[in-house]
Amino acid sequence: MSSTGTYVRPATLAARAPSHALVAAAILGLFVLAAVVSAARKDITQGFDEVAHVSYVAQIQHDGDTVPELETMRLLDPHTFEFTGTANYLNHPPMFYALLALIGPKIEGHPPALFAHRLIDIAIAALGLAALLGLGLAAGLSREEFYAYAVPLGCVPVLVPLAGAVNGDNLAFCGGAIALLGVWQLLASGRESWLALALIGVVAAGWAKLTGLLLSAGLVSAVIAYMLWRKRLPVIWIVAAALVFAFAAAPYFEYILRYGSPTPETPAQIALIADGARAAGWADLPRQSFPRYLAYFVGAFVADWMPTLGARSDLNYAALVIPVEALGCALLGLALSVRRLWRRQESALDVVAIAGTVAIGATFAIHVTYSYGRYAASGWLMDAYPRYYLPLVAIVPLACLSLVAAVEAPRWRNALLALLIAGPVLFRICGAPLG
């Protein structure tokens with residue numbers, strides 16, 4: 001039985017594999033090409049806090065210290081790439097930046113070095129996308145199901161420009177994708193060695209940023225809990241997982257000891273939030289209640305699925321119904337997966353969809369609560385970034401496939417698959433302002 005709950009003859013699966021692999025290679029190739037073009041054209045000052053991320057790398061290269069003091073870090077001038085007197089506001093762990101500092105060329109005073117560091121980021125993001133496409137290849141999907149899984153991943157609006165920029169979210173995405181592939185193969189094959197790959201993904205995502213740790217560790221923890229419930233995992237692996245989780249979380253324990261928080265609020269970050277809120281006119285506005293803020297947060301989260309610096313047209317706003325529709329299909333699929341789990345009829349697809357949703361839900365609750373605290377203190381309204389959830393972005397198309405598996409009528413099944421395939425493409429065309 002395939003992961004979607006439909007029976008597929010082994011000969012049919014073997015025939016599908018080459019065509020699926022070609023489609024996956026095409027998607028990955030187009031992704032890399034688009035990211036390279038974006039890397040060659042992108043203004044470092046436009047989006048994703050790239051100046052701050054590049055400055056972090058340059059700081060490590062300049063000081064020779066892989067664990068710099070957050071309060072002493074400075075920003076580069078975006079034109080000369082010389083250090084300024086302005087403090088850097090980033091508070092992420094240093095591992096990602098130390099990696100780029102080690103393998104990339106010197107940045108300070110060398111603006112052309114930026115492109116090389118962007119290429120490293122593209123390689124990291126491409127590895128993550130390859131892991132997700134590899135999951136699709138291993139899942140025994142029909143051609144249409146594979147398209148419904150792979151095309152939405154290739155059409156994630158923020159993924160290409162983010163990959164073409166220096167940003168820790170690329171490592172978080174890669175780590176989460178590796179963790180997802182690992183737990184899928186663990187469930188599908190029963191081979192416990194795949195858990196080791198999942199744990200490697202947790203470390204990579206966790207060392208990138210805190211949301212990466214919460215998402216990837218939450219996913220793996222939920223899968224481990226399921227396997228313990230079903231008595232399919234030796235206790236020794238629980239001990240190993242706990243040790244790896246502690247290793248992945250070590251940078252945040254150190255931050256707690258040094259700064260009193262896993263996400264230190266340095267003077268530079270406090271000033272950035274306060275000054276930004278005042279400049280936007282938010283600081284003096286009456287504060288909303290938490291339910292009202294939650295509604296605003298969700299709306300901003302949906303709108304920022306297609307990030308833009310320009311004004312949206314009515315068509316752009318109307319196109320937002322497409323990701324909302326995909327989320328609706330995913331929630332219906334999730335409900336069906338929970339029902340199969342309750343009836344002990346679950347497949348790997350159901351378990352991964354449920355585990356991923358649990359991790360996303362827990363992380364989102366922490367995210368919005370933390371953001372509301374910053375909003376209440378300063379009026380800041382720019383924390384609803386969907387890119388933080390890229391480590392588990394594949395959960396949405398997987399949950400949609402759970403819904404597809406429950407539709408038996410060929411006409412409705414084909415219509416649903418067409419919607420899931422065409423929707424992301426249409427959104428890429430209609431969701432962003434022209435120019």
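In this chain, residues are counted from 1 in sequence order.
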- Query: Of all heavy-atom pairs between Tyr385 and His367, which one has the smallest distance, and what is that distance?
  - Reply: N-CE1, 4.3 Å
- Task: Compute the ring centroids of Tyr389 and Phe301, then answer whether they are less than 6.0 Å apart.
- Result: yes
- Message: Hydrogens and angles aside, do His53 and Tyr97 bring a side-chain donor and acceptor to less than 3.5 Å of each other?
- Response: yes
- Salt bridge flag under 4.0 Å for residues Arg118 and Glu50: yes
- Item | Test log, rule side-chain hydrogen bond (donor to acceptor under 3.5 Å, both in side chains), inputs Ser337 and Ser402 | CA-CA 7 Å; Ser337 290; Ser402 177; 2.7 Å; yes
- Task: Using the side chain to side chain donor-acceptor pair (under 3.5 Å) rule, collect all pairs that involve residues 121-134, keeping only residues at least two apart or in two chains.
- Result: Asp121-Asn170
- Query: Taking C-beta and beyond as the side chain, do Phe48 and Lys42 meet within less than 4.5 Å on heavy atoms?
  - Reply: yes
- Between the main-chain N or O of Ser347 and the side-chain N or O of Asp350, is there a donor-acceptor pair closer than 3.5 Å? yes
- Under 4.5 Å between any side-chain heavy atoms of Val298 and Leu294, yes or no? yes
- Message: As a test of understanding, state which of Glu144, Glu408, Glu145 forms a salt bridge (charged side-chain N to carboxylate O under 4.0 Å, His left out) with Arg413.
- Response: Glu145
- Item | Ion pair check, Glu346 and Arg339, cut-off under 4.0 Å | no
- Message: Can you see whether Trp305 has Arg428 sitting over its ring - NZ or CZ less than 6.0 Å from the centre and within 45° of the normal?
- Response: no
